[in-house]
Enquirer: 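Take a look at this one; I'll ask things after.
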There are 2 protein chains.
Amino acid sequence: MNIGQAAQVSGVSAKMIRYYESIGLVPPAGRRDSGYRDYGSADLHRLSFIRRARGLGFSVERIRLLLELWGDTHRSNTEVKAIALTHIDELEERARQLQEMADNLRTLAQACDGDGRPNCPIIQGLEAGGEPACDSARPARH
Amino acid sequence: MNIGQAAQVSGVSAKMIRYYESIGLVPPAGRRDSGYRDYGSADLHRLSFIRRARGLGFSVERIRLLLELWGDTHRSNTEVKAIALTHIDELEERARQLQEMADNLRTLAQACDGDGRPNCPIIQGLEAGGEPACDSARPARH
DNA sequence: CCTGCACCTTCCCATCATGGGAAGGTCAAC
DNA sequence: GTTGACCTTCCCATGATGGGAAGGTGCAGG
């Protein structure tokens, strides 16, 4: 199976399949005489695993760990669960940060009539501060 | 005032101040005879504005718009509010996506005992799918 | 006046995952 | 045998940020 078909079936673009190969996330694909990469069902399985893990927001490096654990029949599910729980925490932390930004900005936006006059509490909030921005996204101060 | 002091006062790193200058987000700083950049209160004001906007998650390009509006005394607050509301939507959309990933992964993790046995529903979920991953983060399918 | 240190300058590189595109080879259908 | 769809490798771009090297500046203490 050519890379294009593998891409369609696995849901990973051909570009990314080559990239994953280049960083060693998937083993080098077999080659035909022509030089074309050739994929079999084990490859597709691995690529689909990667796509699903990416869909859950795992980084490539984390997926590398998951793939090792996947291939290790003697692995303990404790390790896998630990990785998952860590990842859940990180996802939720990022979500919280974004939501906090949105909330802060909404507070400013609610103070703005949006009625066409020049007076604008949003701009004033950015200008004068009162430090409304997300702490964790802000560089350290003094 | 040197760039290091401007960085401390504004909360924007010296590296980023130079970068913002290079992309035209701030005007070229004045220079001393030595070649050192020299910052005044207007510069600090602008940098602080940028830092707060970054803290609210605005992209540099969006901040460019906000800075134009900031400098335009005849601006309408309608435009500013529109940018803010658009940005709030985007932030919340991203937060939702992350939270959705976390929720999907939590569902898998809850099915995993983490008791040290090899059996692991998390790995199985990644392996076999049932398409648990976040729709919006997943490449198109057929 | 010299030395040392902290600061400044520019320039290049790395991140992370992904896509775009060029130049050239392969394959299959007509 | 031509055409068009596919493949190959290689390079570049993204966005915002930091790291670091090589070399110049400024100031304080001796």
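So you know, we letter chains A, B, ... as the sequences are listed, proteins then strands, and number each from 1.
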Enquirer: Please report the distance, rounded to the nearest Å, between CD in B/Q97 and P in C/dA17.
Expert: 17 Å
Enquirer: Tell me: CE of A/M1 to P of C/dT26, nearest whole Å?
Expert: 22 Å
Enquirer: Which whole-number value in Å describes the distance from A/N2 CG to D/dA5 C1'?
Expert: 11 Å
Enquirer: Can you tell me the distance, in whole Å, between the CD atom of B/Q5 and the C1' atom of D/dG26?
Expert: 12 Å
Enquirer: Using OP1 and OP2 only, check whether a side-chain N or O of B/R37 sits under 4.0 Å from C/dC7.
Expert: no
Enquirer: Is the shortest heavy-atom distance from the side chain of B/Y36 to the side chain of B/R31 under 4.5 Å?
Expert: no
Enquirer: Please state how far atom OH in A/Y19 lies from atom P in D/dC11, giving the value in whole angstrom units.
Expert: 17 Å
Enquirer: Would you indicate which nucleotide in C/dT18, D/dA16, D/dG26 comes nearest to any side-chain atom of B/S34?
Expert: D/dG26
Enquirer: Could you tell me whether B/R18 contacts a base, only the sugar-phosphate backbone, or nothing, with contacts defined as non-hydrogen atoms closer than 4.0 Å?
Expert: base
Enquirer: What's the CD1-P distance between B/I50 and D/dA16, to the nearest Å?
Expert: 12 Å
Enquirer: Which listed nucleotide (D/dT9, C/dA17, C/dT9) is nearest to the side chain of A/R31?
Expert: D/dT9
Enquirer: Evaluate the side-chain proximity of B/I50 to B/L67: yes if any heavy-atom separation is below 4.5 Å, no if none is.
Expert: yes
Enquirer: So what does B/Y20 touch, heavy atoms closer than 4.0 Å: a base, only the sugar-phosphate, or nothing?
Expert: sugar-phosphate
Enquirer: Which residue lies toward the 5' end of DNA chain C, A/K15 or B/Y36, if each is placed at its nearest nucleotide?
Expert: B/Y36
Enquirer: What integer distance in Å separates B/E61:CD from D/dT14:P?
Expert: 11 Å
Enquirer: For B/G4 and A/V60, take the nucleotide of DNA chain C holding the closest heavy atom to each; which residue's nucleotide lies nearer the 5' end?
Expert: B/G4
Enquirer: For residues B/F58 and B/A84, report the shortest heavy-atom separation together with the two atoms involved.
Expert: CZ-CA, 4.5 Å
Enquirer: Between A/R32 and C/dT26, is there a side-chain N or O to OP1/OP2 distance below 4.0 Å?
Expert: no
Enquirer: Using every non-hydrogen atom in the two residues, find where A/E127 and B/R52 come nearest and quote the distance to one decimal.
Expert: O-NH1, 2.8 Å
Enquirer: Do B/N2 and B/D38 have side-chain N/O donor and acceptor atoms under 3.5 Å apart?
Expert: no
Enquirer: Let me know the distance between CD of B/E21 and C1' of D/dT17, rounded to the nearest Å.
Expert: 17 Å
